[in-house]
Amino acid sequence: MNGAAAQAASSIKDYPNAIKYYKAVLALNPDDAITNYSLGRAYMALTPPQSLDGFWYIARAVSSKTATQDQSTKLKAYLRKLFANYQQATCDGLVDAQLNELLQLAGSSVDRPATYKIVSSTDLNAAQKDMTIASVIADLKAGATRPR
């Protein structure tokens, strides 16, 4: 019943209720690829989107044992595209590193750790505005690898 209610709520764009019903389905079968994907899409469709939760559940779908290799490959490419758009990133290495970290975490835990964050384009732009040559050199000397 929860699966049907989730699909119905999604079809009428009632994403808060769709999320509630998808979570009820996942409580019984947390590794279901399609439900994880659908939940991720519902989070992304909220206004404003809850991107971190959306990314998490799509990553859960990628790493699901119920996903076929083809589904997993396509979902991973889709998730990478979402990441790149979220960050408006021009650095493929950053996107790939964060995507791999997310996939590893999502494959080993049902719930997203509260401390897990992904740098957004807004965060990156703010960090760039505060950067000077001196601050970059100081960060490099200190071994910093992420924007402040």
Side-chain angles (χ1 to χ4, degrees), residues 1-132 135-136 139 144-148:
M1 293 282 275
N2 285 320
Q7 288 178 348
S10 287
S11 69
I12 62 169
K13 300 181 187 327
D14 181 3
Y15 299 113
N17 276 319
I19 289 167
K20 176 179 75 173
Y21 291 122
Y22 283 130
K23 284 186 170 188
V25 172
L26 288 175
L28 300 174
N29 185 7
D31 195 46
D32 183 65
I34 293 170
T35 305
N36 274 293
Y37 170 72
S38 298
L39 179 55
R41 293 277 306 196
Y43 273 116
M44 299 301 286
L46 288 171
T47 305
Q50 291 184 13
S51 299
L52 291 179
D53 290 321
F55 294 157
W56 180 263
Y57 286 102
I58 294 170
R60 294 268 312 141
V62 171
S63 60
S64 171
K65 292 174 184 69
T66 66
T68 66
Q69 183 62 41
D70 186 52
Q71 288 171 325
S72 183
T73 300
K74 288 178 180 177
L75 284 172
K76 186 176 179 181
Y78 173 67
L79 183 57
R80 188 185 188 293
K81 181 180 171 185
L82 290 176
F83 253 75
N85 287 338
Y86 178 74
Q87 293 182 326
Q88 297 177 355
T90 56
C91 177
D92 288 339
L94 176 64
V95 171
D96 290 337
Q98 289 185 338
L99 178 60
N100 289 334
E101 178 185 23
L102 174 61
L103 290 172
Q104 186 175 25
L105 287 170
S108 62
S109 176
V110 173
D111 297 315
R112 178 177 63 85
T115 58
Y116 181 73
K117 304 286 184 222
I118 300 168
V119 180
S120 71
S121 62
T122 304
D123 297 333
L124 291 171
N125 289 336
Q128 286 175 337
K129 287 179 183 175
D130 293 338
M131 288 179 155
T132 65
S135 70
V136 170
D139 286 346
T145 58
R146 293 183 180 227
R148 293 189 270 156

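Positions are given from 1 along the sequence.
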Colleague: I'd like to check R60 versus V110 (side-chain heavy atoms, cut-off strictly below 4.5 Å). Are they in contact?
Modeller: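 When only atoms from C-beta onward are counted, V110 and R60 do touch, with a gap below 4.5 Å.
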Colleague: Checking Y22 against Y57 for the ring pair (Phe, Tyr, Trp, His ring centres under 6.0 Å) test, could you report, in this order, the C-alpha distance in whole Å, the side-chain angles of both residues, the deciding distance, and whether it holds?
Modeller: CA-CA 11 Å; Y22 283 130; Y57 286 102; 9.8 Å; no
Colleague: Might you point out which heavy atoms bring A9 and A18 nearest each other, and give the distance in Å?
Modeller: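 Nearest pair, atom of A9 first, then A18: CB-N, 3.6 Å.
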Colleague: So which heavy atom on M44 is nearest to which on G54, and how close?
Modeller: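 In this case the closest contact between M44 and G54 is SD-CA, 3.8 Å.
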Colleague: Could you go through the side-chain contact (heavy atoms from CB on, under 4.5 Å) check for D53 and I19 one step at a time?
Modeller: CA-CA 11 Å; D53 290 321; I19 289 167; over 6 Å; no
Colleague: For I34, I'd like to know if atom CD1 has over 12 heavy atoms of other residues, nucleotides or ligands within 6.0 Å.
Modeller: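 Counting other residues, nucleotides and ligands, CD1 of I34 stays at 12 neighbours or fewer.
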Colleague: Can you tell me how far apart OG (S51) and CG (N85) are? Round to the nearest 0.5 Å.
Modeller: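 Between atom OG of S51 and atom CG of N85 there are 10.5 Å.
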Colleague: With a sphere of 6.0 Å drawn around CZ of R41, does it hold more than 12 non-hydrogen atoms of other residues, nucleotides or ligands?
Modeller: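 12 or below, so no.
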Colleague: Are any non-hydrogen side-chain atoms of Y37 and Y78 less than 4.5 angstrom apart?
Modeller: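 With C-beta onward as the side chain, the pair touches.
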Colleague: Nearest 0.5 Å please: distance from the CD atom of Q98 over to the CZ atom of F55.
Modeller: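 Those atoms lie 9.5 Å apart.
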Colleague: Would a 4.5 Å heavy-atom cut-off, applied to side chains only, mark Y43 and W56 as touching?
Modeller: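 Sidechains of W56 and Y43: no contact.
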Colleague: Atom OH in Y21, atom CE in M1: separation rounded to 0.5 Å?
Modeller: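 Taking OH in Y21 and CE in M1, the distance rounds to 9.5 Å.
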Colleague: Any heavy-atom pair between the side chains of Y116 and E101 that's under 4.5 Å?
Modeller: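 E101 reaches Y116 side chain to side chain.
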Colleague: Does S108 use its side chain to pair, donor to acceptor, with the backbone of L105 at less than 3.5 Å?
Modeller: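 Yes, the answer is positive, given that a donor and an acceptor are paired below the 3.5 Å cut-off.
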Colleague: What is the distance from atom CG of L102 to atom CD1 of I58, rounded to the nearest 0.5 Å?
Modeller: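 Reported value, rounded in 0.5 Å steps: 9.5 Å.
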Colleague: Can you name the closest pair of heavy atoms from A33 and T66 and give their distance?
Modeller: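 Looking at all heavy atoms of both residues, the shortest contact is N-OG1, 3.0 Å.
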Colleague: If you look at every heavy atom in A67 and A61, which pair is closest and at what distance?
Modeller: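 Scanning both residues completely, I find the closest heavy atoms to be CB-O, 3.6 Å.
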Colleague: Using a 4.5 Å cut-off on heavy atoms from C-beta on, say whether the side chain of N2 contacts that of L28.
Modeller: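 SC-SC contact between L28 and N2 ruled out.
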Colleague: Is a donor on one side and an acceptor on the other found under 3.5 Å between the side chain of N36 and the backbone of P30?
Modeller: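 Yes.
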Colleague: At what distance, to the nearest 0.5 angstrom, does OH of Y86 lie from CG of L52?
Modeller: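 Here the rounded value is 5.0 Å.
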Colleague: Would you indicate whether the side-chain heavy atoms of L99 and K76 approach each other to under 4.5 Å?
Modeller: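 Yes, side chains in contact.
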Colleague: Quick one: does S38's side chain have a donor or acceptor within less than 3.5 Å of a partner on T35's backbone?
Modeller: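 Flag not set: sc S38 to bb T35 has no pair under 3.5 Å.
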